[in-house]
Amino acid sequence: MVGLRWWNHIDEDGKSHWVFESRKDSAQESKTVSEAESRIFWLGLIACPVLWVIFAFSALFSFRVKWLAVVIMGVVLQGANLYGYIRCKVGSRKNLTNMATSYLGKQLLRQNTGDDQTS
């Protein structure tokens with residue numbers, strides 16, 4: 001819907017790797033994802049954990065302990081979903097920033113050491 005996805009990948013060694021992806025922006029893709037749909041998606045994604053937290057306080061203060069376990073699971077699962085999509089959205093920009101910073105650092109180091117060869 002908004003060009004974001006995330007999942008867990010387990011390699012041959014049994015190690016778990018989390019993969020966070022976002023679709024690259026292009027003219028055709030901006031037509032398929034409208035601004036209104038994107039706002040509805042993010043509003044729903046943020047509102048659900050808030051609603052679960054309200055349910056948690058309600059269950060806690062009304063002493064409904066048996067419902068508290070269900071509500072805590074709802075908070076955890078919705079929070080993980082929110083975290084995953086935020087990581088997809090912000091992670092793609094952060095990777096570009098890290099690459100640019102690394103490149104500029106290498107250029108500065110090469111310039112200061114007087115090494116004219118490319119690395």
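These numbers were taken from a predicted model, which means no experiment stands behind them.
- Atom-to-atom distance recorded for W52:CH2 and C48:SG is 9.0 Å, nearest 0.5 angstrom.
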Return all side-chain donor-acceptor pairs below 3.5 angstrom for residues 54-83, not counting sequence neighbours, or 'none' if the list is empty.
{"from": "S62", "atom 1": "OG", "to": "S58", "atom 2": "O", "distance (Å)": "2.7"}
{"from": "Y83", "atom 1": "OH", "to": "R87", "atom 2": "NH1", "distance (Å)": "3.3"}

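- For residues 10-19, the set of pairs meeting the side-chain hydrogen bond (donor to acceptor under 3.5 Å, both in side chains) definition, not counting sequence neighbours, comprises N8-S16, D11-H17.
- Closest non-hydrogen pair, Y85 versus W42, comes out as O-CH2, 3.7 Å.
- The structure places CG of L51 at 14.0 Å from CD1 of I46, a figure rounded to the nearest 0.5 Å.
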